[in-house]
Amino acid sequence: MSIIPQDFYFEDTASVAKSLLGKTLHIKTTGKEQLARIVEVEAYLGIKDPACHTFGGRQTPRVKSMYLSGGHSYVYLIYGMYNCLNIVTRTEEHPEAILIRAVEPLPLAATFNKSMLVSNGPGKLCRHYGITKEHDGVALWRKNSPLYLSDDGFKVPKSQIAAKPRVGVDYAGEAAQWPLRFYIADNKFVSKK
DNA sequence: AGTGAGATGGCCT
DNA sequence: GGCCATCTCACTA
């Protein structure tokens, strides 16, 4: 179980997104530390991506964290009631990020039942783990942060990584078709569609 | 199974 | 004022 260093997040965003699959998220928002494996993500490619909050270089209060260096969190409120957790990538000049769409709670139970589906969606996982704007702009490579990531050696074969269009970005024109949603094929905790 | 609408509020034009 | 990187429940059949 090794913590993921900040420079992991400096590479190109789609590559980092794929590499994040299988990594472990540590959540200490509610006192006790909880673990979850990342199983679904989406890449948002900054200034040139019409689906991204920083499209065209927008610099608004909400997206301030996206202009931090890679490895920080970006948490925002959507639809007035759900928070979404992102991981910022690259540098201050490239405000790009990766949305965490679904995680698998750890340790994995021996038998599966549907009541375990508390984190199969970006809003659901934040609600379940108590992730809010309070956790916006956090350093995800530091063990004393309320959120951080580690690698426990879990491997996801390339052949098991699905790449599909992103969810809920139909307004983005052609970019809505870009295959920037990545997930572990056949994983039970991936969000619907 | 599949569709549709409501909740609910910050953010942006 | 309109739009959301969503989720859930009610309704149809």
Side-chain angles (χ1 to χ4, degrees), chain A residues 9 12-21 23 25 27 29 36 38-68 70-90 94-105 113-138 140 147 149 161-184 187-193:
Chain A
Y9 305 101
D12 87 89
T13 303
S15 300
V16 176
K18 281 182 271 194
S19 302
L20 277 174
L21 295 174
K23 296 298 187 287
L25 179 63
I27 308 130
T29 56
I38 296 173
V39 300
E40 179 181 356
V41 297
E42 280 177 1
Y44 285 85
L45 306 185
I47 294 171
K48 305 173 308 302
D49 179 359
C52 187
H53 291 164
T54 56
F55 177 58
R58 284 200 302 259
Q59 255 177 309
T60 61
R62 176 177 61 161
V63 301
K64 183 165 48 79
S65 295
M66 284 194 66
Y67 289 85
L68 297 173
H72 286 89
S73 63
Y74 166 47
V75 180
Y76 71 94
L77 184 70
I78 188 67
Y79 299 115
M81 63 180 86
Y82 295 104
N83 290 109
C84 289
L85 171 65
N86 296 255
I87 298 176
V88 176
T89 54
R90 303 193 66 189
H94 295 92
E96 309 188 7
I98 297 162
L99 171 68
I100 307 300
R101 284 196 56 87
V103 299
E104 172 185 85
N113 78 310
K114 291 200 160 189
S115 69
M116 297 172 184
L117 294 177
V118 293
S119 57
N120 60 334
K124 282 179 80 173
L125 76 90
C126 285
R127 187 183 56 188
H128 179 253
Y129 289 110
I131 298 167
T132 67
K133 281 214 84 80
E134 188 183 336
H135 310 107
D136 179 45
V138 153
L140 297 171
L147 297 167
L149 284 97
I161 299 180
K164 291 283 160 36
R166 293 169 292 182
V167 175
V169 296
D170 291 345
Y171 61 88
E174 181 152 328
Q177 303 309 315
W178 297 352
L180 293 176
R181 175 191 181 210
F182 305 106
Y183 58 90
I184 301 178
N187 184 282
K188 291 192 174 72
F189 295 86
V190 166
S191 71
K192 321 280 185 246
K193 166 46 199 294

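We use all heavy atoms of the structure for the numbers below, so side chains are in, but hydrogens, waters and symmetry mates are not.
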TODO: Tell whether Tyr76(A) reaches the base of dA5(C) with its side chain through a donor-acceptor pair below 3.5 angstrom.
DONE: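 By the distance-only test, yes, there is a pair.
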Task: Nucleotide forming a Watson-Crick or wobble pair with dA5(C), both distances under 3.5 Å - done: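 Check on dA5(C): unpaired, no WC or wobble geometry under 3.5 Å.
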Task: G-U wobble or Watson-Crick pairing nucleotide for dT12(C) (cut-off 3.5 Å, both distances) - done: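 Checking every strand shown, dT12(C) finds its partner in dA1(B), with both distances under 3.5 Å.
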TODO: Using a heavy-atom cut-off of under 4.0 Å over every strand shown, decide if Arg166(A) touches base, sugar-phosphate, or nothing.
DONE: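 The residue Arg166(A) makes no contact with any strand.
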- [ ] Assign Gly123(A) to base, sugar-phosphate, or nothing according to its heavy-atom contacts below 4.0 angstrom with the strands shown.
- [x]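 Touches sugar-phosphate only.
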TODO: Give the nucleotide from the list dT13(B), dC7(C), dA7(B) with an atom nearest to the side chain of Met81(A).
DONE: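 Nearest to the side-chain atoms of Met81(A), counting from C-beta on, is dA7(B).
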Task: Which nucleotide in dC12(B), dT6(C), dT8(B) has an atom nearest any side-chain atom of Pro61(A) - done: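 So the nucleotide nearest the side chain must be dC12(B).
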Open item on the list: Measuring to OP1 and OP2 of dT6(C), would you say a side-chain N or O of Arg127(A) lies under 4.0 angstrom away?
Closed with: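 No, outside the criterion.
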Open item on the list: Any side-chain N or O of Tyr79(A) below 4.0 angstrom from OP1/OP2 of dA5(C)?
Closed with: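 Answer is no, no contact under 4.0 Å.
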Task: Separation of atom OH in Tyr74(A) from atom C1' in dA5(C), rounded to whole Å - done: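 To the nearest whole Å, that distance equals 9 Å.
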Task: Nucleotide dA7(B), atom P - distance to CD1 of Ile78(A) in whole Å - done: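 Distance, rounded to whole Å: 18 Å.
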- [ ] Please say whether more than 12 non-hydrogen atoms of neighbouring residues, nucleotides or ligands are located less than 6.0 Å from NZ in Lys64(A).
- [x]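 Incorrect, the count does not exceed 12.
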- [ ] Let me know, please, whether Lys133(A) or Tyr82(A) comes out on the 5' side of the other along DNA chain B by nearest nucleotide.
- [x]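 Between the two, 5'-proximity favours Tyr82(A).
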